[in-house]
Every structure is written in structure tokens, then in C-alpha cells.
Protein chains: 2
Amino acid sequence: MGFMSTPERLIEATRELLWERGYVGTSPKAIQQQAGAGQGSMYHHFAGKPDLALSAIRRTAEEMRGAAEATLGGGGTAYERISAYLLRERDVLRGCPVGRLTMDPEIIASAELRAPVDETLDWLRGRLAGIVQEGLDQGEFSAHLVPREIAAAVVATVQGGYVLARASGSPDAFDASVRGLLSLLAPVGTTQ
Amino acid sequence: MGFMSTPERLIEATRELLWERGYVGTSPKAIQQQAGAGQGSMYHHFAGKPDLALSAIRRTAEEMRGAAEATLGGGGTAYERISAYLLRERDVLRGCPVGRLTMDPEIIASAELRAPVDETLDWLRGRLAGIVQEGLDQGEFSAHLVPREIAAAVVATVQGGYVLARASGSPDAFDASVRGLLSLLAPVGTTQ
DNA sequence: GTCTATAGACCGATAGAC
DNA sequence: GTCTATCGGTCTATAGAC
């Protein structure tokens, strides 16, 4: 720590700025300042803004999968693991560093930049669907639930929770969304 | 139609561009071109980009409330009205013209620009919470559900559904999220 | 009301010295 | 590898003629 190489610092600076300001709102100049690197330095190590953004997005996506797996791969029932995922600590008002990119027109317009975003959210839905299926197999959930649909609803609740929280300037709406979904998902006969 | 005044055309152009590119990604020049108005024209009618954006956002917010009320104010049970809201036709891949603004750093940084966004999503949650309460009163839903939480989950599912759809480039994930939530919310004893 | 002209800063990138 | 200089273009206005 504190001894990151210049490419490393550029990627980290880009990750921060993409999270906070999006792709359109992030300029090479701002990246260079945040990284403490010069113009020439940045263009020596990366082909340009899209290239650097791609490296940054890939790393952020990987980190997100790791954080999700840390809660989803834990022990317990299906409900407990989904619950752990939904209730894990989050910097709610900053939003999702991956999901927020979907609102960026230039990310969506570029197949290359959109790919890691798509793959990450798709992986997450698949991972959750598998857990829901396990819950169904154990008789934990109502038999009429469709794993892929429940998984999509779980991920959407998180992504939409960020929207509500940022709109209101408080994490409360995020927490309410998550509690609402969990109350609907709670195994029958559960008092919580 | 076809005879809009210049201020009117400027507002409509701004609404389109804010929806597609966000606040940061929308320039006065682009607005002028889309509206077919000159530089001087725009600055004659509006104080600047934030002023014009405020008018545009207010109108979009009003329109969104109207569209929601059209489905939520219809007849039927609570489940049917919530279902009608969730299943109404949407331009899914364009996202929510109000919700997408929450990812814009300059919207969030400005109390004035954020206000209509906050008020609209808050109104929607309140409106839905009232309907959930009616459903509880009618014994339609499990008694342990909390109206404000279910309402938040419903709105979050929609907002997050847009994120998933845009990430994957297809409306399918949005539809799956909605179906998942509805399957969880379905009154006990319902075959659907 | 609308036009053109102008402003100073920044945009994303390239060139070439060191 | 990093630096400074430079590029044509855009950003968000403002000024002033018509």
C-alpha cells in the first residue's frame, strides 16, 4: 500500500471516478489528477479513456463478484444466505459501482465496456437462482416460485434500492426495500 | 402538435436528452440542435442549463406520476392494481426518466434538481403503501407485511429491473424481476 | 426574440523532447 | 516512462447587433 505503480494508480483513480461520476462525467484530466500522474504517463500505459475504463470496470466487476460470493457462499439455509447477501453492509448512497454504469449512454453503446457489467449481473442472478433452487429442493420455499425470477427480483431490489436511497439522500429506502423483499420471501411458518 | 413555442421545444428536447444521456452528458448545444433553436434563444428563455433542466425534470416527474396513477387508481383488488402497475407497458431499455437521474452526480449535488426526483419516488411509495394497507385490511395479504416496506420493494424492483435490462440489452430481465416479485406477493391460495 | 461573435476553460488525444 | 507543448473541438455562458 502506498507504493502502487503508475498504471495501478491510474486504474484505481478511474474506478473511483467511474463510481462517483460515471463514464461520461469522468475526464482523463480528472483521472490524472486523482492518480497523481501526468498526461503522457496515462497515454503511455493505456490507449485512451475507453481502454483505461475497461481495465477499471473489469476490476470493479471482479471485486463485486467476490463480495457477493463471500455472503452467498456462506453456510445456512437458502433464505439465510440470500438474507446475508441482502443485508450485508453497503455504502448505499454511493450506489452500485457496476449497476450505475448501465445508466451511462457510452457504456451501453460500447459492447466491450458493457460486457463486464452484463456478465457480472448475469453471474449474480445465476448464483442466486441456484440457491433458490436449493431452497426449493429443501422445501424451504413455495413450490410455485421460479428460481431465475426470484433471483432477478433479488438483484433488482438491491439495484433499485440504491436508486431510492440516492433520490431521498438517505439509506432508509434501501433498507425498507430489502426488508420488504425478505418479508415476502420468508419461509412459511417463520416468525423472523 | 408541430406548433410548439420555442420554450416548449427547448423543454421537450431537454427531456429527451436527459432521459437518454443524463444531466452531465447533455450540453446546451445538443439541446439547441434537438430543439431547432439558437444559442441566444435558449438563454433568452432560460437562465441556463440548470434552469432548463429543472423545468424538464418537473414535467417528466409530473408525467410519471400521471402514468402511475392511471394504473394504481384503477379498479380491482390491491394485488390487481399493483400488478397492473408492474405489468404496464414500458420502454424498458430506455430506463426510467426520473430514476436514472439519481445516478447523475450533479443532480444529486443540487437540492433543487434532486427535489422533484425525490418527491416523485416518495409519492409513488406512499401511493403503493396505501394500496398495500387496503390489501391488508381486506385480508388479501399476510398480516406481517409492512406497507411502506412492500411499497419500497415494488418501486425498487422496477428501478432495478431497468438496470438489469440495460445491462443485458434485453427487456427479459426486467420482466423476470417483475414476475418474481408478483409470485412472492400473490395472495395465498392463488393459482395465478 | 433571435442572431452571430466572442470568451476562457476543458475535452480527448498526439508529438516530441528528455 | 514521464514531461511539456500543442491540437481542433466542445463546454457553458455572455455581449451586443438586429
Side-chain angles (χ1 to χ4, degrees), chain A residues 2-58 101 103-114, chain B residues 2-58 101 103-114:
Chain A
F3 297 105
M4 286 198 293
S5 66
T6 298
E8 212 48 39
R9 277 183 289 117
L10 284 164
I11 290 175
E12 288 304 312
T14 304
R15 295 205 318 138
E16 286 297 312
L17 287 165
L18 284 182
W19 193 359
E20 190 178 324
R21 306 195 39 88
Y23 183 85
V24 167
T26 296
S27 69
K29 186 180 184 181
I31 293 170
Q32 292 148 26
Q33 287 175 338
Q34 174 116 355
Q39 194 107 324
S41 235
M42 177 185 137
Y43 283 100
H44 173 74
H45 294 289
F46 299 93
K49 177 176 162 178
D51 181 38
L52 180 46
L54 184 56
S55 293
I57 292 171
R58 280 184 176 148
L101 298 172
M103 293 305 139
D104 219 299
E106 307 204 5
I107 299 279
I108 295 302
S110 157
E112 247 195 322
L113 292 177
R114 185 169 64 81
Chain B
F3 297 106
M4 286 198 293
S5 64
T6 298
E8 210 50 38
R9 276 182 291 117
L10 284 164
I11 290 175
E12 288 304 312
T14 304
R15 296 207 313 140
E16 287 297 313
L17 287 165
L18 284 182
W19 193 358
E20 192 178 323
R21 305 194 42 87
Y23 184 85
V24 166
T26 297
S27 70
K29 187 180 184 181
I31 293 170
Q32 292 148 26
Q33 286 175 338
Q34 173 117 357
Q39 195 108 325
S41 234
M42 178 186 137
Y43 284 99
H44 174 74
H45 294 290
F46 299 93
K49 178 177 162 179
D51 181 39
L52 180 45
L54 184 56
S55 293
I57 292 171
R58 281 184 176 150
L101 298 173
M103 293 305 139
D104 219 300
E106 307 204 4
I107 300 277
I108 295 302
S110 155
E112 247 195 321
L113 292 177
R114 184 170 64 82

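Letters A, B, ... are given to chains in the order of the sequence lines, protein chains preceding strands, and every chain is numbered from 1.
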Looking at [X], does any N or O in its side chain come under 4.0 Å of the phosphate oxygens OP1/OP2 on [N]?
X	N	answer
Ser27(B)	dC11(D)	yes
Thr6(B)	dT2(C)	yes
Lys49(B)	dT12(D)	yes
His44(B)	dC3(C)	no

Distance in angstrom units between [X] [atom1] and [N] [atom2], rounded:
X	N	atom1	atom2	result
Leu52(B)	dC11(D)	CG	C1'	15 Å
Gln33(B)	dT12(D)	CD	P	13 Å
Phe46(B)	dT12(D)	CZ	P	16 Å
Arg9(A)	dG1(D)	CZ	C1'	12 Å
Met42(A)	dT4(D)	CE	C1'	17 Å
Tyr43(A)	dG16(C)	OH	P	17 Å
Gln39(B)	dG16(D)	CD	P	16 Å
Ile31(B)	dC11(D)	CD1	P	11 Å

Notebook entry, point to check: Atom CD of Gln34(A) and atom CG of Leu17(A): how far apart are they, to the nearest 0.5 Å?
Noted result: 4.5 Å
Check: How is Pro7(A) classified with respect to the nucleic acid when contacts are heavy atoms under 4.0 Å: base, sugar-phosphate, or nothing?
Finding: nothing
Next item on the list: Indicate, with a heavy-atom threshold strictly under 4.0 Å, whether Gly38(A) touches base, sugar-phosphate, or nothing.
Entry: sugar-phosphate
Checklist line | Test side chain to side chain contact (heavy atoms under 4.5 Å, CB included) applied to Ile107(B) and Val24(B), Leu101(B), Leu18(B), the passing residue | finding: Leu101(B)
Item checked: Note, Thr14(A) side chain near Ser55(A) side chain (heavy atom, < 4.5 Å) -> no
Item checked: Lys/Arg N to Asp/Glu carboxylate O, Arg15(B) vs Glu12(B), below 4.0 Å -> yes
Notebook entry, point to check: If you pin Ala47(A) and Lys29(A) to their nearest nucleotides in DNA chain C, which one's is more 5'?
Noted result: Lys29(A)
Check: DNA chain C: Ser41(B) or Tyr23(A), which has the more 5' nearest nucleotide?
Finding: Ser41(B)
Next item on the list: Indicate yes or no for a side-chain donor-acceptor contact from Arg21(A) to the backbone of Thr26(A) under 3.5 Å, with no hydrogens or angles considered.
Entry: no
